[in-house]
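Here is the structure we will look at.
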Amino acid sequence: MRLGLNIGFVYGGDDHLDHLRLVKEAEALGFSVTWAAEAYGSDAATLLSWIAAQTTTIDVGAAVFQIPARTPAMTAMTAATLDRLSNGRFRLGLGVSGPQVSEGWHGVRFSQPLLRTREYVDIVNAALRRETVAYEGKYFTLPLPDGPGKALKLTVRPIRDHVPVYLAAVGPKNLELAGEIADGWLGILNDPGFLGEQLNQIRTGRERKTGQQDLDGFDVVVTTPLMTGDDIQAAADPVRGYAALYIGGMGSREKNFYNALAVRMGYAEEAKEIQDLYLDKKHREAMAAVPFGFLDSISLLGDKARMADKLRAYAEAGATTVALTPFASTVEQRIADLRTAAEALELSGVGN
């Protein structure tokens, strides 16, 4: 099992410089990858290009490029360029986002996301293989049949023969799709005790692709908040806002994939309370309503020995990469926490 680093977004000020310090520390510690996100602020491609230019060994990954934000051809162009500029260190994470961002920000209807994702990945992979791309699907047709367009081939060659594709998937059917069409899965709110159920859904999709359910060569990335401290309850508190946002605010009352995930994880009553409070703008109350047990289950908290136990649990459950999101308030403490996590992985005996 390897460690990764989530740097998230750029918000302003000098936070991009803090991100770079964290990435360089992660690279020195032997982390395998750093992931950058996008929603409706900073984009991932620009940040990853900047990070790649100032590192040499750590992979740079999109977690994720939003499918409604770019045509599949544009995504292939960006992936090929980043792979070349990083000397073969780019990982392409994709996700459909959610209805509020897709329709409210990008003006793209959030309909049949599974089919849209399948067609999108088909085209991206064909383009990255440098085929002459012709495609006829429900959502994407290349070239358009009633105009002057013609089938084209990507002119920039990626460093690698295959740029790995990851899907950010939460629901059961999307997990199956990840197993079928992707090289890895970007998980979130990951409890080792629930991971087996999710991986069974991925195996179902994997079997459709390969005829076998094994996940050899498939990267299972669990996104994990990181906070050190002797007081476990206090260490969990900074994670409350993150959990409340996803369970309560990432979507509408009718459609919130993360709320539905919390329900499947056994927190139905709590998930409803968190969402009700959050959507009523009672954010502090929503944060307080997140159970400590939930926060502890999805996070790496405490001292080195406790973290080592959790990392063993992730490895035994099937995780291959633990992507850490440091939650300390200062960059100096976040760097210290990354070092503790690296020591914990060595102590655990499950590192690669």
Side-chain angles (χ1 to χ4, degrees), residues 1-6 26 29-33 35 63 166 168-170 172 175 178-179 184-203 206 213-240 242-243 246-247 258 261-267 270-271 290-328 337-352:
M1 193 171 70
R2 304 290 300 275
L3 294 179
L5 169 67
N6 285 318
L29 291 169
F31 283 38
S32 62
V33 60
W35 301 96
Y166 291 69
V170 178
L175 287 166
W185 168 53
L186 297 168
I188 193 169
L189 305 181
N190 293 120
D191 176 352
F194 188 70
L195 191 59
E197 181 175 326
Q198 294 170 301
L199 293 188
N200 283 339
Q201 291 155 352
I202 290 175
R203 288 188 183 95
R206 193 76 166 170
Q213 286 200 340
D214 70 76
L215 296 180
D216 291 348
F218 187 89
D219 193 10
V220 176
V221 182
V222 294
T223 301
T224 310
L226 169 67
M227 193 71 187
T228 61
D230 295 329
D231 184 335
I232 305 303
Q233 295 275 348
D237 281 342
V239 187
R240 289 187 175 278
Y242 161 84
Y246 275 89
I247 296 172
Y258 308 100
L261 173 60
V263 170
R264 292 196 301 277
M265 292 169 68
Y267 293 91
E270 296 90 340
V290 181
F292 167 76
F294 179 84
L295 297 169
D296 191 29
S297 73
I298 65 164
S299 306
L300 209 60
L301 305 175
D303 59 19
K304 180 168 62 177
R306 195 174 193 273
M307 289 183 179
D309 288 341
K310 185 63 168 287
L311 290 169
R312 289 189 200 101
Y314 272 127
E316 290 167 4
T320 53
T321 302
V322 176
L324 300 173
T325 305
F327 270 77
D337 289 353
L338 291 181
R339 292 172 180 166
T340 300
E343 293 170 358
L345 181 65
E346 184 175 359
L347 178 64
S348 73
V350 299
N352 181 11

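None of the values given here were measured: they were computed from a predicted structure.
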Checking [X] side chain against [Y] main chain: does a donor-acceptor pair fall under 3.5 Å?
X: Trp185; Y: Ala169; answer: yes
X: Arg339; Y: Leu29; answer: no
X: Thr224; Y: Leu324; answer: no
X: Ser348; Y: Val350; answer: yes
X: Lys310; Y: Asp296; answer: yes
X: Ser32; Y: Leu3; answer: yes

Hey, what do you get for [atom1] ([X]) to [atom2] ([Y]), rounding to the nearest 0.5 Å?
X: Phe294; Y: Arg240; atom1: CZ; atom2: CZ; answer: 11.5 Å
X: Met227; Y: Asp337; atom1: CE; atom2: CG; answer: 6.5 Å
X: Asp191; Y: Glu197; atom1: CG; atom2: CD; answer: 11.0 Å
X: Leu301; Y: Leu295; atom1: CG; atom2: CG; answer: 8.0 Å
X: Glu316; Y: Leu311; atom1: CD; atom2: CG; answer: 11.0 Å
X: Leu186; Y: Asp219; atom1: CG; atom2: CG; answer: 8.0 Å

query: Charged N to carboxylate O below 4.0 Å: is that the case for Asp303 and Arg306?
result: no

Between Arg312 and Asp309, is the closest basic N to carboxylate O distance under 4.0 Å?
-> yes

Can you tell if the side chain of [X] reaches within under 4.5 Å of the side chain of [Y], non-hydrogen atoms only?
X: Gln198; Y: Leu261; answer: yes
X: Phe218; Y: Arg206; answer: yes
X: Tyr242; Y: Ile188; answer: yes
X: Val170; Y: Arg264; answer: yes
X: Tyr267; Y: Ile247; answer: no
X: Met307; Y: Thr228; answer: yes

How far apart are the closest heavy atoms of [X] and [Y], and which atoms are they?
X: Ala305; Y: Leu347; answer: CA-CD2, 4.0 Å
X: Ala344; Y: Ala308; answer: O-CB, 3.5 Å
X: Tyr246; Y: Leu189; answer: CB-CD1, 4.4 Å
X: Thr223; Y: Asn190; answer: N-OD1, 3.3 Å
X: Phe31; Y: Arg2; answer: C-NH2, 4.2 Å
X: Leu338; Y: Pro326; answer: CD2-CG, 3.8 Å

Taking atom CG as the centre, does Asp230 end up with more than 12 heavy-atom neighbours from other residues, nucleotides or ligands that are less than 6.0 angstrom away?
no

**Asked** More than 12 heavy atoms of other residues, nucleotides or ligands under 6.0 Å from CD of Glu343: is that the case?
**Response**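 Yes, the 6.0 Å shell around CD holds more than 12 heavy atoms from other groups.
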
| query | Does the side chain to side chain contact (heavy atoms under 4.5 Å, CB included) test come out yes or no for Met1 and Tyr314, once each step is laid out? | reply | CA-CA 9 Å; Met1 193 171 70; Tyr314 272 127; 4.1 Å; yes

